[in-house]
Amino acid sequence: MRSCERQVTRSKPVVEQSSRARRERQARQRDEGEAACLCRAAPREIWAEGKARRDATRRTRETKGKGRGGGDKNLRRTKRLPRPPRSRRRAVPCPALAPLDTGGAPARPRDPMRRRPFLDQRRPSSFKRRWQQRPWWFRLAVTLLLALTCLFLLLALRGSPDPDPVVLPSTDSSRSAATTSPLLHQRSYLDGVTDAFNMTDEMLSAHSFSRQLMDQISLAKTYLVVAKEANNLQFAAELSSQIRRAQSILAHAAAHGGTVTEQDAEKAIRDMSVLFFQAQQFRYDSAVTIMKLKGQIQSLEEKSKAEAEKSTKYGQIAAEELPKGLYCLGVRLTMEWFKTTELQRKFTERSPAVQSNLRDNSLYHYCVFSDNILAVSVVVNSTTLNSMHPEKIVFHLVTDEVNYAPMRAWFALNDHRGATVEIQKVEDFTWLNSSYVPVLKQLQDAATQNYYFSGSGNRGTPVKFRNPKYLSMLNHLRFYIPEIYPELRKVVFLDDDIVVQKDLSELFTINLNGNVMGAVETCMETFHRFHKYLNHSHPLIRAHFDPDACGWAFGMNVLDLVMWRNKNVTGIYHYWQERNADHTLWKLGSLPPGLLAFYGLVEPLDPKWHVLGLGYTTVDPATIKEGAVLHYNGNMKPWLKIGMEKYKGFWDNYVDYSHPLLQRCFTH
């Protein structure tokens with residue numbers, strides 16, 4: 001129906017003057033049913049029939065119009081009216097559906113067979129029309145066939161091998177086994193990277209093509225800025241193109257784990273050198289180039305500083321957060337403690353022999369002050385498992401009130417090879433009050449609380465120094481060991497972030513030569529000397545301490561409590577802590593006041609006793625193997641997700657993850 005309407009609408013009106021043409025029109029109207037059927041069913045046949053009629057009419061006109069007087073004049077004078085504008089056209093219904101005019105003159109509908117001067121010169125049925133005339137099931141089948149063909153092509157392209165693969169020898173049997181595993185069937189760019197190759201070393205080598213490309217890129221970026229300022233846009237575009245080309249070569253080498261070959265880099269380096277020669281011919285001002293280089297260097301330094309500060313801030317936040325597994329463990333242990341009376345009786349109804357062990361100086365006494373249950377458990381496990389006489393070991397643990405019940409529940413549920421474990425809470429030491437402890441007195445000051453807890457103090461102070469944990473009594477309790485254990489003569493102080501690898505009983509026989517403490521010195525590097533921790537611009541510090549004096553580390557320290565009491569080390573600590581009420585001598589922490597309190601009273605120990613740095617830097621594997629105590633000092637603790645993976649294994653060896661409580665908290 002729509003095709004008929006378009007044909008009728010586009011036809012032009014004709015003035016008919018001959019009776020013969022009128023009779024033909026009336027005959028077609030009488031046969032309107034057949035015409036309507038043909039209009040709807042076979043538009044191609046209608047078009048062919050109309051074309052034949054028009055050709056016959058044209059030949060008749062040419063034959064009759066050869067002579068001036070011959071032929072039908074009315075027929076020769078017949079002309080077509082101009083085509084009406086598009087806006088004035090209207091659709092005429094198909095002749096089969098339009099009723100005849102019975103009154104007066106017969107109705108004269110537009111003839112769909114009448115010649116159209118332009119539209120009849122083209123094929124009336126386009127591909128779209130032919131496609132729409134197809135059955136619906138045929139169109140659906142063709143569409144599905146095309147979709148399946150495209151899908152198979154994509155799968156074939158994805159599964160095809162790299163046309164230019166990089167084949168590198170494998171040096172690790174585990175790596176080769178992993179690459180042949182069906183679970184790792186898909187190719188990865190990391191498959192070609194070997195452990196022996198280091199892209200950073202390649203970039204730092206003065207004889208590598210990667211280094212040459214990087215140097216050219218840096219210089220080209222400077223010339224690019226100068227060229228844009230000189231309005232030399234064509235030269236700037238060429239520089240940009242070469243920079244992108246060099247960067248693509250470096251990116252390809254880094255992704256495939258190989259070095260930049262001479263064949264790849266030769267043309268890029270030569271083309272870039274030609275551009276540098278052109279830049280010299282342009283005679284760009286050297287002073288401007290130098291200033292641009294300085295500006296780039298300054299910008300890179302500022303970005304590097306900002307990223308370093310951001311990394312430190314985020315690392316500090318991650319280190320301060322309590323992992324979900326440790327929180328779950330504390331909650332479940334608390335529930336076990338209060339619903340099981342047998343666990344409570346293990347600590348409340350101790351035998352006299354166990355009570356005497358707590359004061360027996362012939363045994364090996366260790367002190368650990370912490371609120372981390374799992375970390376303390378690793379310290380105790382590693383110490384007893386590597387000891388030749390674990391039954392002679394006595395651990396004195398001090399925690400806070402929140403972790404007091406779960407700590408006792410954990411050590412009541414687990415037997416540590418017969419070692420004696422004593423657990424106390426810091427709140428029971430009523431003599432540790434603000435009138436005696438300078439740190440607690442400072443906490444009552446509003447300015448101190450505002451500085452450390454709200455973070456609104458000196459904005460120039462790094463965030464790690466404004467950490468409230470440095471003011472915790474568990475952190476400063478190490479300066480009161482002689483008063484906590486008045487009957488003991490010698491103890492070994494251990495931090496909760498250490499792992500013991502060897503028997504430590506020999507530490508109790510070391511001669512301290514009249515000193516109070518035995519510690520491993522850390523002055524192999526300049527940043528571990530006194531001037532790193534203390535403000536030597538202050539006259540009080542400058543007058544009493546050498547800025548190049550060697551520092552030492554807390555974490556594993558042998559303490560002679562008899563000499564401690566004789567030297568009154570706790571009183572010295574109070575003196576310097578009170579002088580630092582305005583935080584001008586040092587920022588925060590327990591190590592700076594420890595350096596001042598034990599100044600001249602430390603006996604150096606063999607570095608093998610205490611290996612530091614596993615929580616922030618790289619340590620020599622041979623040093624780790626020979627070390628007796630491994631210390632994870634720094635923010636990357638082994639129980640945190642930010643911990644260094646290559647050192648976590650030493651700590652995990654002493655965690656029993658098959659324990660029911662640990663399985664519930666760390667696997668669900």
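The first residue in the sequence is number 1, and the count goes up from there.
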Quick one: do Lys648 and Glu645 satisfy salt bridge (charged side-chain N to carboxylate O under 4.0 Å, His left out)? Show the steps, please.
CA-CA 5 Å; Lys648 278 188 175 182; Glu645 293 293 337; 3.4 Å; yes
Is any side-chain heavy atom of Leu333 closer than 4.5 Å to a side-chain heavy atom of Leu413?
yes
Taking all non-hydrogen atoms of both residues into account, name the closest pair between Tyr647 and Thr617 and its distance.
CE1-O, 3.6 Å
Could you tell me if Ser382 and Trp651 have a donor-acceptor pair between their side chains, going purely by distance under 3.5 Å?
no
Is Asn403 close to Ile373 at the side-chain level, that is, under 4.5 Å between some pair of heavy atoms?
yes
Please find out if less than 6.0 Å separates the ring center of His365 from that of Phe508.
no
Heavy atoms only: give me the nearest Gln577-His476 pair and the separation to one decimal.
OE1-CE1, 4.3 Å
Check whether more than 12 heavy atoms from other residues, nucleotides or ligands sit under 6.0 Å from atom CZ of Arg565, and answer yes or no.
yes
Side-chain donor-acceptor pair present, Tyr657, Asp652, cut-off under 3.5 Å
yes
Output the distance between atom CD1 (Ile484) and atom CD (Gln424), rounded to the nearest 0.5 Å.
7.5 Å
Looking at side-chain heavy atoms only, is the closest gap between Phe530 and Asp548 below 4.5 Å?
no
What about His396 and Tyr485, are their ring centers closer than 6.0 Å?
yes
Closest non-hydrogen contact found for Lys346 with Arg350 is O-CG, 3.4 Å
Is any side-chain heavy atom of Ile297 less than 4.5 Å from a side-chain heavy atom of Leu300?
no
Leu596 and side-chain contact (heavy atoms from CB on, under 4.5 Å): which single residue from Tyr573, Trp586, Tyr533, Tyr575 fits?
Trp586
After noting the C-alpha distance and the side-chain angles of His659 and Trp410, does the key distance pass the ring-ring contact (aromatic ring centres under 6.0 Å, His included) rule?
CA-CA 11 Å; His659 195 281; Trp410 177 262; 4.9 Å; yes
How about Tyr599 and Phe545: are their ring centres within less than 6.0 Å of each other?
yes
Is Phe479 close to Ser590 at the side-chain level, that is, under 4.5 Å between some pair of heavy atoms?
yes
Donor-acceptor side-chain pairing of Asn386 and Tyr654 below 3.5 angstrom:
yes
NZ (Lys646) and CG (Leu614) are apart, to the nearest 0.5 Å, by 9.0 Å
Report yes if the side chains of His389 and Glu391 come closer than 4.5 Å at any heavy-atom pair, otherwise no.
yes
Keeping the roles fixed (side chain from Asn633, backbone from Leu612), state whether a donor-acceptor pair exists under 3.5 Å.
no
Report yes or no: is the cationic atom of Arg478 (NZ for Lys, CZ for Arg) under 6.0 Å from the centre of the six-membered ring of Phe554, at an angle within 45° of the ring normal?
yes
Please tell me whether Asn372 and Ser370 have a donor and an acceptor in their side chains that are separated by less than 3.5 angstrom.
no
For Gly555 and Ile498, which heavy atoms make the closest approach, and how far apart are they?
O-CG2, 4.1 Å
Rounded at 0.5 Å granularity, tell me how far OG1 in Thr383 sits from NE2 in His416.
10.5 Å
For Trp639 versus Asp496, what's the shortest heavy-atom pair and its separation?
CZ3-O, 4.0 Å
Give, for atom CD1 of Ile541 and atom NE2 of His531, the distance between the pair rounded to the nearest 0.5 Å.
14.0 Å
What residues form a salt bridge (Lys or Arg N to Asp or Glu O under 4.0 Å) with Glu487, not counting sequence neighbours?
Arg359
Using side-chain heavy atoms (C-beta onward) and a distance below 4.5 Å, is Asn381 in contact with Ser377?
yes
Can you find a side-chain donor-acceptor pair between Asp360 and Asn357 that sits under 3.5 Å?
no
Spatial distance of atom CG (Leu432) from atom CG (Leu477) [nearest 0.5 Å]:
6.5 Å
Lys490 and Asp560: salt bridge (charged side-chain N to carboxylate O under 4.0 Å, His left out), yes or no, with the steps?
CA-CA 5 Å; Lys490 201 171 207 178; Asp560 188 342; 5.9 Å; no
To the nearest 0.5 Å, atom CH2 of Trp609 lies from atom CG of Leu507 at 4.0 Å
Has the side chain of Asn568 got a donor or acceptor atom that lies under 3.5 Å from a matching backbone atom of Trp564?
no
Listing, residues 511-519 side-chain donor-acceptor contacts under 3.5 Å, not counting sequence neighbours, or none:
from   : atom 1 : to     : atom 2 : distance (Å)
Asn511 : OD1    : Asn513 : N      : 3.0
Asn511 : ND2    : Asn513 : OD1    : 3.2
Asn513 : ND2    : Glu603 : OE2    : 3.1
Asn515 : ND2    : Leu512 : O      : 3.1
Asn515 : ND2    : Glu603 : OE1    : 2.9

Between Lys637 (side chain only) and Tyr632 (backbone N and O only), is there a donor and an acceptor less than 3.5 Å apart?
yes
Could you check whether Arg408 makes a cation-pi contact with Tyr404, meaning its NZ or CZ is under 6.0 Å from the centre of the six-membered ring and within 45° of the ring axis?
yes
Evaluate the side-chain proximity of Val499 to Val378: yes if any heavy-atom separation is below 4.5 Å, no if none is.
yes
Do Phe411 and Phe395 have their ring centres less than 6.0 Å from each other?
no
Between Val398 and Phe429, which heavy-atom pair has the shortest distance, and what is it?
CG1-CE1, 4.0 Å
